[in-house]
There are 2 protein chains.
Amino acid sequence: MEEGTSKEPSHSCCTEEAFQWDTREDCDVRQILDRIGDKWSLLVIALLDDGSMRFTELKKTIDGISQRMLTVTLRQLERDGLVKRTVHPVVPPRVDYELTPLGVTLHATIQSLVTWTETHQTEIARSRARYDAAVASE
Amino acid sequence: MEEGTSKEPSHSCCTEEAFQWDTREDCDVRQILDRIGDKWSLLVIALLDDGSMRFTELKKTIDGISQRMLTVTLRQLERDGLVKRTVHPVVPPRVDYELTPLGVTLHATIQSLVTWTETHQTEIARSRARYDAAVASE
DNA sequence: CAGTATCCGTGTGGATACTG
DNA sequence: CAGTATCCACACGGATACTG
């Protein structure tokens, strides 16, 4: 695997020299934002919140995900301690994934963001339409 | 400007056919996640929460941001109705940016995520160390 | 000062083929 | 079944130069 295994903080904010802006917002926050902001992690977390699932089950449920990205995503979540991976020693292999208690609390926290979005989606859509119209007619 | 101006939902979930997984989590949520998950938006929002700022002021404060990305980021936030842009008709030009009421509520909502991260960062760091060690010694 | 325009390197993620 | 390995396309964002 060539990516995502040992991503170091890339911002200079984490070094002693040179943090001009509110650093505490970044660094640690950045890392979980990179997780929930990526294409699939949040979706996997949301699905596993309903109970444990097998690899193929996830793959079938998440429309459009590649085998590779499902693996990568699950590994990252496992590494962060958000998801637990259980291998059953049978043939053919059976692997179950479930949220850890930590993962459950993260999902709960993200819910407020989901709620915010649902509440304000119309407002945002209107704002975008207004903006685009203003730009187009100038 | 070649990017970010009219990004359409790319997921098939938003079409009538083919949504297998919990679609409501995506689509609308995806769009604000793309915003707060990107490299600079959250940082700009956090800074503007302390009061309005000028373009150059933001540029100086946010270490490492390019002129281009500051402009792009601000335009996106403006388009979403999260940031208000005020041009003062003077020479040299003076442009102020401030959070809209909507932007303020988003920032407030994100705070819970920041808090969660601060609370669990040690736990995550330990989990990663454990995982990496396990992978290395096999 | 506050942008825009252009060019270009890199990382993220998709497609495909192969395996214990 | 549950992965790995490899290759590749394209979007994101950085550097630089120019402008009302």
Side-chain angles (χ1 to χ4, degrees), chain A residues 1-12 30-31 33-44 52-78 83 85-97 135 138, chain B residues 1-12 30-31 33-44 52-78 83-98 135 138:
Chain A
M1 201 161 304
E2 84 283 22
E3 66 186 332
T5 49
S6 65
K7 203 185 292 177
E8 297 300 326
S10 57
H11 280 64
S12 56
R30 183 78 269 155
Q31 292 168 37
L33 276 182
D34 285 346
R35 196 70 39 250
I36 69 159
D38 73 16
K39 202 169 178 182
W40 303 110
S41 292
L42 179 57
L43 212 45
V44 170
S52 81
M53 292 179 97
R54 303 184 55 177
F55 185 88
T56 309
E57 204 176 348
L58 283 165
K59 174 125 177 45
K60 274 187 305 189
T61 309
I62 304 176
D63 187 40
I65 197 171
S66 63
Q67 195 139 343
R68 176 182 131 82
M69 283 319 294
L70 181 54
T71 304
V72 170
T73 302
L74 287 168
R75 289 293 176 279
Q76 287 171 339
L77 294 173
E78 190 194 358
V83 159
R85 179 172 179 263
T86 311
V87 184
H88 299 92
V90 294
V91 261
R94 175 193 175 96
V95 181
D96 285 324
Y97 292 93
V135 169
E138 90 188 9
Chain B
M1 202 161 303
E2 84 284 22
E3 66 186 332
T5 50
S6 67
K7 205 185 292 176
E8 297 301 327
S10 58
H11 279 65
S12 57
R30 182 78 269 155
Q31 291 167 39
L33 276 182
D34 286 345
R35 196 69 39 251
I36 70 159
D38 73 14
K39 201 169 178 181
W40 303 110
S41 292
L42 178 57
L43 212 45
V44 170
S52 81
M53 292 178 98
R54 302 182 57 175
F55 185 87
T56 309
E57 203 176 349
L58 283 167
K59 175 125 177 45
K60 275 186 304 189
T61 309
I62 304 177
D63 188 41
I65 198 171
S66 65
Q67 194 139 343
R68 177 182 130 83
M69 284 318 294
L70 181 54
T71 304
V72 170
T73 301
L74 287 168
R75 289 293 174 281
Q76 287 171 337
L77 294 173
E78 189 193 359
V83 158
K84 171 136 172 279
R85 177 171 179 266
T86 311
V87 183
H88 299 92
V90 294
V91 260
R94 175 193 175 96
V95 181
D96 284 323
Y97 291 93
E98 60 186 318
V135 169
E138 95 188 5

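Naming convention: chains lettered A, B, ... in sequence-line order (proteins, then strands); numbering from 1 in each chain.
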**Fill in**
Taken to the nearest whole Å, CD1/I65(B) to P/dC12(D) is 15 Å

**Fill in**
With sequence neighbours left out, the residues meeting side chain to side chain contact (heavy atoms under 4.5 Å, CB included) with S52(A) are E98(A)

**Request:** Within residues 87-96 of chain B, find the residues that approach DNA chain C with a heavy atom at under 4.0 Å, and present them sorted by residue number.
**Result:** P92(B), P93(B), R94(B), V95(B)

**Asked** Taking side chain as C-beta onward, heavy atoms only, is T61(B) less than 4.5 Å from M53(B)?
**Response** yes

**Prompt:** Between dT4(C) atom P and Q67(B) atom CD, what is the distance in whole Å?
**Reply:** 10 Å

**Request:** Search all heavy atoms of R30(B) against all heavy atoms of D38(A) and return the closest pair with its distance.
**Result:** NH2-O, 3.2 Å

**Asked** Are V87(A) and P93(A) close enough that some pair of their side-chain heavy atoms sits under 4.5 Å apart?
**Response** no

**Message:** In whole Å, I'd like the distance from the CG atom of D34(B) to the C1' atom of dG13(C).
**Reply:** 14 Å

**Prompt:** Is there side-chain contact between Q67(A) and F55(A), with at least one heavy-atom pair below 4.5 Å?
**Reply:** yes

**Complete:** Dot-bracket for DNA chain D, 5' to 3', Watson-Crick and G-U pairs with both distances under 3.5 Å, [ ] for crossing pairs, | for partner on another strand, reads ||||||||||||||||||||

**Message:** Looking at R75(B), is its backbone amide N or carbonyl O close enough to the side chain of E78(B) to form a donor-acceptor pair, meaning the two atoms are under 3.5 Å apart?
**Reply:** no

**Asked** Between L58(B) (CG) and dA2(C) (P), how many Å, whole number?
**Response** 9 Å

**Item:** Nucleotide dT12(C), atom P - distance to CG of L33(A) in whole Å
**Value:** 15 Å

**Asked** Within less than 4.0 Å of OP1 or OP2 of dT16(D), is there a side-chain N or O belonging to R68(B)?
**Response** no

**Item:** Distance, rounded to the nearest Å, where M69(B) contributes CE and dA2(C) contributes P
**Value:** 19 Å

**Request:** Compare the minimum distances between each of dG3(D), dG14(D), dG13(C) and the side chain of W40(B), then state the nucleotide with the smallest one.
**Result:** dG14(D)

**Message:** Please tell me if S66(B) has a side-chain N or O lying less than 4.0 Å from either OP1 or OP2 of dA15(D).
**Reply:** no

**Item:** Set of residues satisfying side chain to side chain contact (heavy atoms under 4.5 Å, CB included) with respect to V90(A), sequence neighbours excluded
**Value:** H88(A), R94(A)

**Request:** Not counting sequence neighbours, which residues clear salt bridge (Lys or Arg N to Asp or Glu O under 4.0 Å) with R85(B)? List them please.
**Result:** none

**Short side-chain N/O contact to dG3(C) OP1/OP2 from Y97(B), under 4.0 Å** = yes

**Message:** Rounded to whole Å, how long is the line connecting atom CG of L74(B) with atom P of dT4(C)?
**Reply:** 10 Å

**Prompt:** Looking at the side chain of F55(A), which of dG3(C), dG13(C), dA2(D) is the nearest nucleotide?
**Reply:** dA2(D)

**Request:** To the nearest Å, give me how far apart CG (L70(B)) and C1' (dA15(D)) are.
**Result:** 16 Å

**Request:** Check whether any side-chain N or O of K39(A) sits under 4.0 Å from OP1 or OP2 of dG14(C), and answer yes or no.
**Result:** yes

**Prompt:** How many angstroms lie between CD1 in I65(A) and CH2 in W40(A), if you round to the nearest 0.5 Å?
**Reply:** 5.0 Å

**Asked** Hey, does the side chain of R54(A) come within less than 4.0 Å of dG3(D)'s phosphate (OP1/OP2), counting only N and O?
**Response** no

**Request:** Could you check if a side-chain atom of T73(B) sits within less than 4.5 angstrom of a side-chain atom of S41(B), using non-hydrogen atoms only?
**Result:** yes

